[in-house]
Amino acid sequence: MSAKKKQSGKQSGKQGEADRALQQKIGNKMILMALVMGAAFCFLIGKTYTIMRDNGDKYKKQVLSQQKYDSVTIPFQRGAIKDRNGTLLAYSERVYNVILDCYVMNHSNDDGAGITPTIAALNSCFGLDVQELRAYVAANPDTRYHILKKEVSYDEMLAYQEYIENYNTTINSENKNREEKLPRAYDKAVWFEDRFKRVYPGDSLACDVIGFTTGDGRGQYGLEEYYNDTLTGRDGREYGYLTAENALERTVVPAQNGNTIVTTIDSHIQKVCEDNLKAYDEAHAGEFREGEMGSDNTGVIVMDIHSGEILAMASYPYFNLNDPKDLSMYSDAQVAQLIEREGGEEEASQFLWKNFCISQSYEPGSVCKTFTVAAALDCGAISDGDSFDCKGYLTFGEGEHATTIRCHQRYGDGMVTVKQAVEKSCNVALMLIGQKLTKERFLKYQRSFNFGLRTNIDLAGEMRTSSLVFNENNMGITELMTSTFGQGFNVTMIQTISAYASLVNGGYYYQPHLVKQIQDSNGAVVENIEPRLMRQVVSESVSRLMVDYCIGVVDEGTGVRARPAGYRIGGKTGTAERSGQGKRDYTVSFMGFAPADDPQIAVYVVIDRPNTASQENGTRYACLLCRDILTDVLPYMHIFMTEPLTAAEKEELEEKGKKLTLDEESLSANSVSDNAMTQESTEKPEDVRILIDNKTGYAIDPINGERLDPATGAPIDDNSSIFQDATGQPIEIRVLNGEDEGKEDPRE
Amino acid sequence: MSDTTRRQKASLDLPLILSCMALMTLGIIMIYSTTSRIPVEEGHLSNVQIQLLAEFIGVVGVVIIYALPYKLFRWLGKKPARYVILVIAFVSLLLLFTPLAHSAKGATRWISVGPLHIQPAEFIKIAIIFFAAGFLSDHPNTINTKFGFGWSFGMVALFAGLVYGISNNLSSAIIIAAIGVAMIMAASNKWILQLLVYSIGVVLIVIYAMGKAHAAQAKGPEAVENLKFRYKRILIWENPSDPQFLQVGGYQTMQALYAIGSGGPQGKGIGKSVQKLDVIPEVHNDMIYSVLCEELGLFGVVAIFFLFGVLLFRCLAIGLGAKDSYGTLICLGVMVHIGLQVILNVMVVTNTMPNTGVSLPFISYGGSSAVFILAEVGLVLRVARENAA
């Protein structure tokens, strides 16, 4: 081998010499090139080292700050709101926005062949239009974020993902046996962006109490606003960070979900109240003032008198929590009237969102007589056996300041005991009691009953009324006199029912409240909110007397209509003129408790400006509302009937029972409103049977002894009285005979 | 050099083989580090597996080349063969116009051969080495005539131009031209004149390009927007952190610098790079040097330059001791190719020159690059075998 080579080398000797010379030449330059390269290498090592040395800290920070970009916020879930039985009134649900990434579709390896199956999947899962999608993808080839559909549920999202997965698996197995490959659907072209959505399963149920949340998750009105901090959790975060050894760690700080609040609301009672309010409105909308609702405002509160827990709180008009701006449940005329009255669409909505029961004040009228009487009894100004002489009017003050206030009973109620004064709602007797009570003690008790102060109920938007009641400085004798029967000062519904509850529960004033428990997101109890006893306002014996008087009001006095069949209850009616307005407008109300022998709950119904021909007679509607509510609520609360039923009542209840069973079979949602309608209609025939009172010559309603017009059967309203204020300016006041045998007081 | 000294050398050049193996091992580690978090689709190979496969093919190539009879090896540089190789290279370039072509990252530079995508440009580099080595050693004197220089330079220029024109790949064109020009200069007598002319030409091109880029910059952002990306890259090179260029390429450069800087001279440790996590584009490819710096620090830098230094030094030594000028020229071509590619790549990553896509031999992920670089090492080993014979 080597010999051969040498031979060939010799053969090309001359050529070999030349080649060697060439090689030498090349070799020299090769060394040169290698040196140049070596120098370049050294330069680059130096260059790299310089970057490492000089920019270390700066670039480390830069790298760290870039990692922040990598962090993801994990949204918290807002706490739920439950009723006392655990029924959900409000909760947050994870929903998904469907996002289309056109860029992925148009820049795939298969030149867009997968667009067709992807769009087909979108069509089958979300019902999106194929043509539209195609057009969009073609028109916006580089769009990376396009919301196809908002707020799809978890199940829908899962269904889509499964569809894509199944489709691609099928295609893959199919493609194994195929020459021409079928296109796969793009699994990365559609993705889901999740967020939480507030859901109110009851739509408008307890809308005033619950309130709603804005788009950015802040509570507005009601519990949502008051308990916003409790319901709000803390966002979680997923992020990467560098450890001391410069290693990247990814960490998840889980979101802290908001706490759940358990309210004292009972959804059933709440629903009964709301349905009755709606039924009232249906019956009276447009009755007198065309195109208006049954009243400006109607409110109901049901309260547990032994703890201050609110069982139900409702008002009409209402709104839909899931769509607070929606006004479609009202007629166009009603909406127009509302907007005109409130001065704009925005204001009209805000009016709906406001909770009438806590954020609007009014003059309470006769309901407050109970507080005057209780105060006078408690401080010893009068005693149970005292009697007062009602001559039909009372003049007080001296000289030119002399003022005369008339009783609604023009010829006077005669001698009345304290109990009768309450039963008959006698203004003169009350004023006489007020004179004995004196201004100082009246005001002391008024404050004690919490009038003029906020109740501090756990709801957002409770009204301040401190400037709407009298104090020592601005209360003259006239103010004291009108205050004794509930005119001249303003209260809110929640103040009144809280004070009334203390009258009939033994004298204990509880702070009203709506939330009894706070739970964490797993349902563990974080805090129990116990009933808060504020003070004893009257003695137990006075409380017993007041219970007795109020039972008298329903048994034989002004509140007869409020009694539910089979039960004995107590209560007090109220009819108050809305002051400061030229028109004669009234706020009518009924405050009741049940059952009579062992008071458990208080119910307060207020109808503000009832839409009826004679508003003052609206008191009867307040009584009827209370009756309808109690008819449903008392059996529900396992309170048994104690009174014998008349034939008519039996029939009525049976019909109601039938209706109930029917409703349960079909749809229980509307049961209560239907029942209310039934009751209205069964009652009417009785109303037209008119008897004549031999003594006075008035027509008498057989049920409650109310005086009636013999021709029409409508209650008579011919009793007016003149009320003169301190300046001697006569003000005409309607004397009301709404529900009270025509003996209802003026300015109630 | 006498025959006896040649015999004393080992038949296999161990330092060369060892440095190559060390570089490949380092490369596999870095590719694993940068790509392990990329999910692998079912039925597909991971990047590391593809790289290993390519390197295996490359090693088989080395063995085949090493086993070639020297006559055949020499024959490849002789008259019909070297032109046949050029024609094959030309045809492979034309394949880019056929359905076999494979596009990625906005350019058509690959031909699909089974699971591998081959860049014809890589093959042309070898073809040019064969052509120049064969032509220059066959005609040692012709090269000093106008015709000889014109013919050889023309061939080199033609193929560099074709690569640039067809696959729009400036960096490969530069490397091809550089290999050819270096080999021609090495064999020429008037090499200083050539160097002067080339230098002036390069300077003129640079001045022209920079002038054009700056003229656009002076006109305002819109003119810059409309610039061809090559000119834009000059502006980016001068000011990579300018927010105007964040979307266009400044981002990649800056992130690479951040990686190098944040790693510091000590480095963060193998696998602990942060910048590889979807931050640096092409991190396992052209930009792998930045992660190598970030993870291994100055140690890694010195290590790879040392290994490349050994490799190039062995090329030089083998070339100097080659049996004939043909072998020397082959070694020179390979040395220039590998060395230049290393230098260009590191210059790009450290922003010493405008960005252009050059991979780091043995380290960067890339199948065809690995196969052909190994083939070139095989050529050098083949030359070395003759030295020992």
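The chains referred to below are lettered A, B, ... by the order of the sequence lines, with proteins before strands, and numbering in each begins at 1.
- Ranked by heavy-atom pairs shorter than 4.5 Å toward chain B, the options A/Val36, A/Ile31, A/Leu22 are led by A/Leu22.
- Of all non-hydrogen atoms in A/Lys47 and B/Thr350, the two that sit nearest each other are CE-O, 3.5 Å.
- If you tally non-hydrogen atom pairs under 4.5 Å between each of B/Val301, B/Val346, B/Asp324 and chain A, the highest count goes to B/Asp324.
- Ion pairing between B/Lys323 and A/Asp19 fails under the 4.0 Å rule for side-chain N and carboxylate O.
- Among B/Thr352, B/Ile260, B/Leu298, B/Leu292, the one residue that satisfies the side-chain contact (heavy atoms from CB on, under 4.5 Å) test with A/Thr48 is B/Ile260.
- Heavy-atom distances place the side chain of B/Leu312, and not its backbone, under 4.5 Å from chain A.
- Only the backbone of B/Leu136 comes within contact range of chain A, with heavy atoms under 4.5 Å apart.
- Chain A forms the most heavy-atom pairs under 4.5 Å with one residue out of B/Asn141, B/Ile304, B/Val336, B/Val302, and that residue is B/Val336.
- Residues A/Lys25 and B/Ser325 bring no donor and acceptor atom of their side chains to less than 3.5 Å of each other.
- Contact of B/Val349 with chain A is not made at all, since no heavy-atom distance falls under 4.5 Å.
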task: Apply the test ring-ring contact (aromatic ring centres under 6.0 Å, His included) to residues B/Phe305 and B/Phe308: give CA-CA distance (whole Å), side-chain angles for both, the deciding distance (0.1 Å), then the verdict.
output: CA-CA 5 Å; B/Phe305 276 110; B/Phe308 279 123; 7.2 Å; no
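- The part of A/Leu32 that comes within reach of chain B is its side chain, from C-beta onward, which places non-hydrogen atoms under 4.5 angstrom from that chain.
- Using a 3.5 Å distance cut-off with no hydrogens or angles, the side chains of A/Thr116 and A/Arg134 do pair a donor with an acceptor.
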